[in-house]
Amino acid sequence: MSITATDVAVLDDAPPPTAPTRRARLRFLRGGKTRTGLIILAFFVLLAVAGPWLAPYDPDAMSDQLLQPPSGDHWFGTTHTGQDVFSQILVGTRGVLVVGLLAAAIATALSVLIGVSAGFLGGAVDEILSALSNIFLVLPGLPLIIIVASFVPDTGDLVIAVAIALTSWAWGSRILRAQTLSLRRRDYVEAARATGESTPRIILFEILPNLTAVIASGFVGTVIFAVLTEITLAFIGVADISHWNWGTVLFWAQSNQALAQGAWWWFVPAGLCIALLGTALALINFGIDEFVNPRLRTATGSSRKVRMRVGFTPVARKSTGGGPREHSSKEPRP
C-alpha cells in the first residue's frame with residue numbers, strides 16, 4: 001500500500017485549557033452585529049422614554065404652516081393641518097416599543113411555560129398541551145387580532161399587546177418542547193433526578209439555563225412580529241388612531257394622500273424608523289444565532305485564531321514547556 005505525506009499546520013496562539021474568563025463569557029457582546037443592533041435599539045428605547053419631553057411641539061397642535069417641508073422650525077416638516085411630524089414620531093415611539101416588548105414578554109412566558117412543561121412532563125400533559133399549541137398554531141393571527149380589536153371598545157396598547165401575545169406564542173412553544181425532549185434524558189438531568197431534586201428545581205436550574213439562547217431568540221422574533229402587527233393595525237385604522245405611533249402617522253399620511261401631494265416628509269421618517277428598528281432586532285437575532293450555532297461563530301465565538309492554508313490540516317500541539325508553539329510535521333496517511 002502506498003503512503004502519502006501531508007503537512008500539518010498548527011493553531012496560532014492556542015490558549016491552554018483554563019477556566020472561562022469574564023471576557024469569554026461576554027463574547028456574545030463582542031460581535032459587530034450584536035453591538036450595532038443593541039446601539040440602535042438603545043437609541044429607540046431612549047426616545048421612547050424621553051420622547052414626550054423632547055418633542056418641540058404638541059403632536060396634536062395645529063398651526064397655519066400647512067404641508068411645510070423640513071426646516072429649522074420643523075425638522076420633519078408639517079402635516080396638512082400644520083402638525084409637527086417630528087413631534088409625532090417622538091411621541092409615537094413609546095407606543096411602538098411598549099406594545100412590542102409587552103407582547104413579546106407575555107408570549108415568551110406562555111411559550112416557556114407550556115413548551116417546557118409539555119416536553120419535560122410528557123404523557124397526558126404533553127398530549128393536552130401539544131394539542132393546545134397546535135390549535136393556536138393554525139389560527140390566523142392578524143385576522144383574529146382585527147376581529148378582537150373591533151369588538152373591544154377601547155383598543156389601547158394593553159389590549160393590542162395581549163391580543164398579539166395570545167396569537168403568537170404557539171410557535172415558540174413547539175420549539176421549546178422539542179428542545180426540552182432532547183434535554184430531559186441527559187446525564188446531568190438524570191443525576192439531579194436520582195439525588196431527589198424536585199421537578200420545578202430541575203426545570204429551573206437544569207433545563208432552562210440550556211434553553212436561554214433559544215428563548216432569547218424567540219423573544220426578539222416576537223418583538224419584531226408584534227411591532228409590525230401593531231403598526232399594521234394602526235395603518236388600517238383598527239387601532240385607536242387618536243393615540244400616536246408610527247402606524248398612526250402613516251395612516252393619516254395615506255388618508256390625506258401625502259404621496260400624491262408630494263409631501264414625502266410626512267411618511268418617509270416613520271418608514272425609516274420602522275426599518276431601523278426592524279434592522280436592529282434582526283441584527284440582535286443574528287448575533288444570538290452566531291453565539292449558539294458553532295458553524296456560524298465568527299468574532300462572537302472563539303478567540304482562537306487559525307491560519308488556514310490550502311492542503312494543511314490544523315492540529316494543536318504543545319511544547320515541552322507546556323505552552324503552545326508552532327510545529328510542522330509529516331504525518332503518514334493511507
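Worth knowing before you read on, the calculation uses all heavy atoms, side chains too, and leaves out hydrogens, waters and symmetry mates. Count residues from 1 along the sequence. As the structure is a computational prediction, the values presented were derived from the model and not from experiment.
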Using the rule given for side chain to side chain contact (heavy atoms under 4.5 Å, CB included), can you reason through L283 versus L41, listing the C-alpha separation, both sets of side-chain angles and the distance that settles it, and then say yes or no? CA-CA 10 Å; L283 289 175; L41 181 60; over 6 Å; no

Distance from [X] atom [atom1] to [Y] atom [atom2], nearest 0.5 Å?
| X | Y | atom1 | atom2 | answer |
| --- | --- | --- | --- | --- |
| I128 | S133 | CD1 | OG | 12.0 Å |
| Q65 | S71 | CD | OG | 7.0 Å |
| E127 | L121 | CD | CG | 13.0 Å |
| T279 | L272 | OG1 | CG | 10.0 Å |
| F136 | L144 | CZ | CG | 8.5 Å |
| L137 | W171 | CG | CH2 | 6.5 Å |

Using atom types as modelled and distance alone, determine if a side-chain donor or acceptor of [X] lies under 3.5 Å from a backbone N or O of [Y].
| X | Y | value |
| --- | --- | --- |
| R184 | G119 | yes |
| T167 | I164 | yes |
| S111 | T108 | yes |
| R186 | S182 | yes |

Could you pull out all residues at least two apart from N210 that satisfy side-chain contact (heavy atoms from CB on, under 4.5 Å)?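 Counting only residues at least two positions away or on another chain, N210 forms a side-chain contact (heavy atoms from CB on, under 4.5 Å) with L183, Y188.
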
Between S117 and V125, what is the shortest heavy-atom contact and its length?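 Closest approach of S117 to V125, heavy atoms only: O-CG1, 4.5 Å.
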
Tell me, do P56 and D84 make a side-chain contact under 4.5 Å, heavy atoms counted?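 In short, these two side chains touch, coming nearer than 4.5 Å.
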
Is the ring pair F86/F76 parallel, tilted or perpendicular, if the boundaries are 30 and 60 degrees?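 Judged by the thresholds at 30° and 60°, the geometry between F86 and F76 is perpendicular.
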
Less than 3.5 Å apart, which donor and acceptor atoms pair up between the side chains of residues 257-267 and the rest of the protein, not counting sequence neighbours?
from: Q261; atom 1: NE2; to: N256; atom 2: O; distance (Å): 2.6
from: W265; atom 1: NE1; to: Q68; atom 2: O; distance (Å): 3.2
from: W265; atom 1: NE1; to: T78; atom 2: O; distance (Å): 3.0

Would you confirm whether the ring centroid of W169 sits within less than 6.0 angstrom of the ring centroid of F219?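 Judged by ring-centre distance (under 6.0 Å), F219 and W169 do not meet the cut-off.
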
Worked check of side chain to side chain contact (heavy atoms under 4.5 Å, CB included) between T79 and L67: CA-CA 5 Å; T79 67; L67 283 181; 5.5 Å; no

In sequence, state the C-alpha distance, the side-chain angles, and the governing distance for I288 and V220, and then conclude on side chain to side chain contact (heavy atoms under 4.5 Å, CB included). CA-CA 10 Å; I288 294 174; V220 174; 4.2 Å; yes

Does one hydrophobic cluster hold both V249 and V98, with members joined at side-chain heavy-atom distances below 4.5 Å?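 V249 does not cluster with V98.
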
Is I207 reachable from L113 through a run of hydrophobic residues whose side-chain heavy atoms are each under 4.5 Å from the next?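 Per the 4.5 Å side-chain linkage, L113 and I207 are not co-clustered.
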
Residues D126 and R177 bridged, charged N to O under 4.0 Å: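 Yes, charged N to carboxylate O under 4.0 Å.
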
Answer with yes or no whether the side chains of D60 and Q83 bring together a donor and an acceptor at under 3.5 Å.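 Absent: no donor and acceptor within the cut-off.
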
Mind running side chain to side chain contact (heavy atoms under 4.5 Å, CB included) on V116 and Q179 for me, showing each step along the way? CA-CA 8 Å; V116 176; Q179 294 292 326; over 6 Å; no

